[in-house]
Amino acid sequence: MEYKFNEIEKKWQDKWKANKVYKVENNVDKPKYYVLDMFPYPSGAGLHVGHPLGYIASDIYSRYKRLKGYNVLHPMGFDSFGLPAEQYALETGQHPAETTKKNIATFKAQLDKIGFCYDWEREVQTSDPNYYRWTQWIFLQLFNSYFDSKENKAKPIENLVRAFELEGCANCQLPTANSFTAEEWNAYNKKEQEDILMQRRLAFSKYGEVNWCEVLGTVLANDEVVNGVSERGGHPVVKKKMRQWYLRITAYADRLLEGLETVEFSDSMKEMQRNWIGKSEGAEIDFVIKTIDNRQSTTEVQNSSSVVGGQLSITVYTTRPDTIFGVDFMVVAPELELVQQIKTTDQTNAVDEYIAYVKSRSDVDRMAEKKITGCFTGAYAVNPFNGKQIPIWISEYVLAGYGTGAIMGVPCGDERDFKFAQHFNIPITNIIGNHFNGQEANPTKEVPYSNSEFVNGMKYAEAAKVVIDKLEEKGIGKRKVNYRMRDAGFSRQRYWGEPFPIIWNDGVAVALEEIDLPLELPHVDKYGPGPEGEGPLANLKEWTSSPSLFHTVEKGETKTESKGSFSQVPKYIVSSPMQYELAKNMRKDYTEAEGALWEVLRNNNTGEKFRRQHPIDSYIADFICLQKSLIVEVDGGYHLDAEQKQYDETRSKRLNEIGFEVIRFTNDEVLKNPFAIKEKIKQHIKKIDEKAESLHIPSPLVERGQGVRETSTMPGYAGSSWYFLRYMDPHNATTFCDKKVSDYWNQVDLYVGGTEHAVGHLLYSRLWTKILFDLGHIGFDEPFKKLLNQGMIQGSSRFVYRVSFPDILSRMKGDLSANHSPIFISESIYKRILEIGVDNGIERIKYLKTIAPNNSIIQNASNTIVTSRLHVNVNIVDGFELNTDVFKKWRDEYANAEFILEDGKYICGSETEKMSKSKYNTVNPDELCVKYGADTFRMYEMFLGPVEASKPWDTKGIEGVHRFLRKLWRLFNDGIKGKIWVDEKPTEAELKILHRTIKKIEEDTEKFSFNTAVSAFMICVNDLADAKCYKKEILEKVLILLVPYAPHIAEELWHQLGNTTTILDAEYPTFDPSLLVESSKEYPVSINGKVRTNITLALTLEQVEVEEIILQNETIQKWLEGKTPKKIIYVKNKMINIVV
RNA sequence: GCCCAUGUGGCGGAAUUGGUAGACGCAGCAGACUCAAAAUCUGCCAUUCGCAAGGGUGUGAAGGUUCGAUUCCUUUCGUGGGCACCA
């Protein structure tokens, strides 16, 4: 019987699916285990062999835990909002929703072939309204919360409002520092109050700088900007202030730091997060500014400056207040308003010029560039302790956003300050004596200061304390903890993301209510930016200006008018999310009549806006005009039957009850003349208006808000910050995740993903978890208990060398000057040509050598030399040898290609680089699954090396793993006899093989050392084959061990052994240590560290006995050459070393 | 510039965490079976000296600690990844 892996894998995948073996139940009796993969962005390129690495690792661990008796949650989904789909839409006009859907289908099909144990019923997609409804909901929780710094947790913003109403801001330090009393607060108007609250909300809006490209009319991400110009088109990019949304992650800086102590992340991962948060302790110090001329400072004072005793001063942040006597200059961020106040008349031109220069530079530039720039402002500050005058400079290396945006320069102790002083010839004060050599700064903290008055002789720790105490005493400074981390930008001027559930009304952000969610992303036809760099949604005038903030109320109930303009109404007509879902589907699947009527109603210019298939209560109206409470139904022929008539009647009755008028038309009527129907509808509306006017009937709909919608969308990390919670309770229509369910599944026990998310995603999801915890929605405040970082699988690129160079070619191949076909030269010959050229001193070839690694064209008077190193598809290269026939067919332009071969072969160049479509180095897992089977593929990916390590992909080795599986198969069947396994009692030696394997596999799986586990399986099968062991008792156990790694073949052979239940739930074998106990060991015996012989000794022997035995050994005596050993080291069960 | 990771045969990697470096696999070489091929099986396979027995050298480089270092420490070089010049 042959190992027909394709048939076997298909068979079991189908059976498993039919029997729903991967369905996971909540709240069962078993202990739980939650294994999570970082869900993929469904890119158009499909899955390549790099993706499944982590997925296979987590799948193995999940299946292992399941065999060990756990209830394992191991879900999968898609991070389906994002820029690539939008970019693709811009280029091709295809709607992101379409391409995303297609890509997800491809991904799923690919994943399924590999045989993962996902419960697809729990799939989530971040771009699905049923999902992002809750992303928006969580945003509203953040918007409606503030951080209470006393209790160190998030609380509802109403608490703060109540406190303001009762006691003003007595007990809160507002960032603005303007305090107010309760009376003042109550006297503020809505806008003033909201502005103050905005400064406290966890999700808040403020002006921030973005990369703005005027030519493209759009905002660009950092990585879309290269050298100050846009990556696409090379247009200039400047900074522009725009209103943006932010998350107040800085409030959680300390808790995010502390939380790291409670999770199992790698040290480097924790270190990266700590660096990102960047907590530093230091001091803020005020320096009085002494202006040189008598300019009056009238401009208002802002963050880095203040007025002390009537004098203008500047506040710096420093981590080294102890070096205050070494301050030789001061640098202020050029952006600061303060600069305008202090610049002297002399320096005005220079300063303005410099500021213009800085504005032209992107953040990326400022980082990449190493040259030192700056400009003197003309002003001086005064050192508060010794009265020394310190020149104030501006320079781009000081950032406005960090600390106070101003620093004190201590050149003898800080490398950057030193270079700055050196560059601008600022005299340097030495405060560390001969520890400063004048050539470079010495940032030591371990040297006593000199030249420093009252801190002379003290070192860092003591001096810092003394200085800060003095500063506080004088009231010109204070101890200050600073964080490098800034609040996280949360809005993007893009289309394909979650719309903000926010309406702007006279500059006040009004949040939508839960009932308004999901705020669905409207369909657009064009994906270009809106006016003034706003997102594409800003182009949808109808959508932005007609928010659906209506609440229906029960008839007879009075509308409550509250003092604010956004009153709430106690009772709503609620449509369930299911109804929304249903309506959405019906919208896609419309009748011809509905389509026709919509065509005339959608372009309605009378001011009444209609919606299609809108859910109201438990019904779905065909068309509705919310403002007029008018419902239009278009009925098909089946409305003539009695049952349907009855239903229509009760439905109309109910809708009437809650204040809607219903008018009906038949399909035929509509199709005959939709415009006539439109006219009739207009008449109706007119009647409604008249009636309402004469009777003063209040509309059943309360208008809660007016204004314009926020047109930004949320960033990619919004949906991924909480998806692990939705998997637990994916279909819940009333809450994002039932607390009972999240209490059961609790934290993710094992999270598998790449290091590229070390700070971004991991920090954000940790933040969201903490906030949801504070607000009582979940019971834990760290999302991921243990993190396993998977390495990147790099592509192994292959290159061909195309050269057109008549002189050389004719020398090598006769006269080729007339031949214009592309000529490809095998690697080593190509390289030799370069060397020969240099040896001969031919100038053109010197060029060739210097530019050869890259593609280039050189032209001079006599010749055109074209050299190209081109990526060639790795799939048409066998190892390094190019299949020249296939290559000629690869592209039309190569049809007539000529090759210069070495030993009859074309050898390609190679390089290891990132796997990507454009480098033609991607390998598709599907093809490997077809050729070798999923089990082989899974085991091979694991066999490549440790999961954590990055390594290049090489398809060649897969044969070895495939051979192993076939060898395993042959322990059960062989080609001639068929079944060969037997039900006999195993020998001790056979049991030993088994239990050695059980021990190794279990240990390796537990520590995620899957590559060594695979090799242990190989050793086991080799040993069993050598021992001709075909015994069921042994083989059966081996199969169970193998289930996590190669589930299909394990299940197949398990059934061949006569089992009828699935192996996926079999009982994991128990390791019996007694079978592996040894009584003796072959010790390596070395003399002075060099192994000279091996001697087998009983394990019970003690030092003295061992010494006696080994000294009698012939080989040892020979090597001792009659000398007496100085010392004999005997480590039981390890080795023996004789020192002479 | 700063931070993190990493360096072992022709290749991917292993090494009980300080104890026989190179498990397992790929590639290669030699052989068996076969008319032949595929499949399968058996040897050899870091390097160097040697017919062999056996010896020398070897974990990027240089030092150090130790009876003993791929493993720990110092310095240095190379490669890969990240970044917000963070005072």
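In the text below, chain A, chain B and the rest are named by the order of the sequence lines, each starting its count at 1.
- Checked by atom type, the side-chain pair A/Asp487/A/Thr250 shows a donor-acceptor distance below 3.5 Å.
- Scanning for ring-ring contact (aromatic ring centres under 6.0 Å, His included) contacts around A/Trp276 gives an empty result, with sequence neighbours left out.
- Between the P atom of B/G1 and the NZ atom of A/Lys419 lies a distance of 8 Å, rounded to the nearest Å.
- Taking atom C1' in both B/A39 and B/U20, one finds a spacing of 37 Å when rounded to whole Å.
- Of the two residues contacting RNA chain B, namely A/Tyr1083 and A/Ser280, the nearest-nucleotide position lying further toward the 5' end is that of A/Tyr1083.
- Note on A/Lys480: every side-chain N or O is 4.0 Å or more away from OP1 and OP2 of B/C86.
- Counting any heavy atom pair closer than 4.0 Å across all strands shown, A/Lys279 reaches no nucleic acid atom.
- Among the atoms of the strands shown, none is found under 4.0 Å from any heavy atom of A/Arg274.
- For A/His962, the ring-ring contact (aromatic ring centres under 6.0 Å, His included) criterion is met by A/Phe5, A/Tyr932, not counting sequence neighbours.
- B/U71 and B/G56 have their C1' atoms separated by 24 Å, with the value rounded to a whole Å.
- Here A/Asn1022 pairs with A/Lys967 under the side chain to side chain contact (heavy atoms under 4.5 Å, CB included) rule; sequence neighbours left out.
- A distance of about 42 Å separates the P atoms of B/C29 and B/C77, rounded to the whole Å.
- Between B/C73 and B/C24, the distance separating the two C1' atoms is 33 Å to the nearest Å.
- Nucleic acid contact class of A/Asn482 (heavy atoms, under 4.0 Å, all strands): none.
- Base pairing analysis places B/G28 opposite B/C44; the two distances defining the Watson-Crick or G-U wobble pair are each below 3.5 Å.
- Residue A/Glu1114 places its CD atom among 12 or fewer non-hydrogen atoms of other residues, nucleotides or ligands, all under 6.0 Å distant.
- The 5' end of RNA chain B is approached more closely, in terms of each residue's nearest nucleotide, by A/Ser1086 than by the other of A/Ser1086 and A/Asp417.
- Contact check of residues 1132-1140 of chain A against RNA chain B (heavy atom, cut-off under 4.0 Å) returns A/Lys1134, A/Met1135, A/Asn1137, A/Val1139.
- Across the P atoms, B/G25 and B/A46 are found 15 Å apart, a figure rounded to whole Å.
- Residues forming a ring-ring contact (aromatic ring centres under 6.0 Å, His included) with A/Phe1008 (at least two apart in sequence, or on another chain): A/Tyr61.
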List, one per line, each side-chain donor-acceptor pair under 3.5 Å for residues 1130-1140 of chain A, sequence neighbours excluded.
| residue | atom | partner | partner atom | Å |
| --- | --- | --- | --- | --- |
| A/Tyr1130 | OH | A/Leu1101 | O | 3.1 |
| A/Lys1132 | NZ | A/Glu1102 | OE2 | 3.2 |
| A/Asn1137 | OD1 | A/Ser1086 | OG | 3.3 |
| A/Asn1137 | OD1 | A/Gly1089 | N | 3.1 |

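- OP1 or OP2 of B/G55 has at least one side-chain nitrogen or oxygen of A/Trp1119 nearer than 4.0 Å.
- Looking at residues two or more places apart in sequence or on another chain, you find no ring-ring contact (aromatic ring centres under 6.0 Å, His included) involving A/Tyr460.
- Considering only residues two or more places apart in sequence or on other chains, A/Lys279 meets the salt bridge (charged side-chain N to carboxylate O under 4.0 Å, His left out) condition with A/Asp254.
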Anything under 3.5 Å between a protein N or O and an N or O of nucleotides 37-43 of chain B, put it in a table, one pair a line.
| residue | atom | partner | partner atom | Å |
| --- | --- | --- | --- | --- |
| B/A39 | O3' | A/Arg966 | NH2 | 3.2 |
| B/U40 | OP1 | A/Arg966 | NH2 | 2.9 |
| B/U40 | O3' | A/Arg970 | NH2 | 3.3 |

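- Note on A/Met269: nothing from the nucleic acid sits closer than 4.0 angstrom, heavy atoms only.
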Heteroatom pairs (N/O) under 3.5 angstrom, protein to nucleotides 28-34 of chain B:
none

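- Cation-pi contact between A/Lys206 and A/Tyr246: present, with separation from the ring centre below 6.0 Å and deviation from the ring axis of at most 45°.
- The C1' atoms of B/U6 and B/U59 are separated by 14 Å, rounded to the nearest whole Å.
- Considering only residues two or more places apart in sequence or on other chains, A/Gln1103 meets the side-chain hydrogen bond (donor to acceptor under 3.5 Å, both in side chains) condition with A/Glu1107.
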Please enumerate all protein N or O atoms sitting under 3.5 Å from an N or O of nucleotides 7-13 of chain B, with distances to 0.1 Å.
| residue | atom | partner | partner atom | Å |
| --- | --- | --- | --- | --- |
| B/G12 | O2' | A/Leu944 | O | 2.4 |
| B/G13 | O3' | A/Asn1011 | ND2 | 3.4 |

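- Residue-level contact check: A/Ile1129 touches the bases, meaning some heavy atom is under 4.0 Å from a base atom.
- Residue-level contact check: A/Val1131 touches the bases, meaning some heavy atom is under 4.0 Å from a base atom.
- When the P atom is compared between B/G50 and B/A37, the two are found 37 Å apart, to the nearest whole Å.
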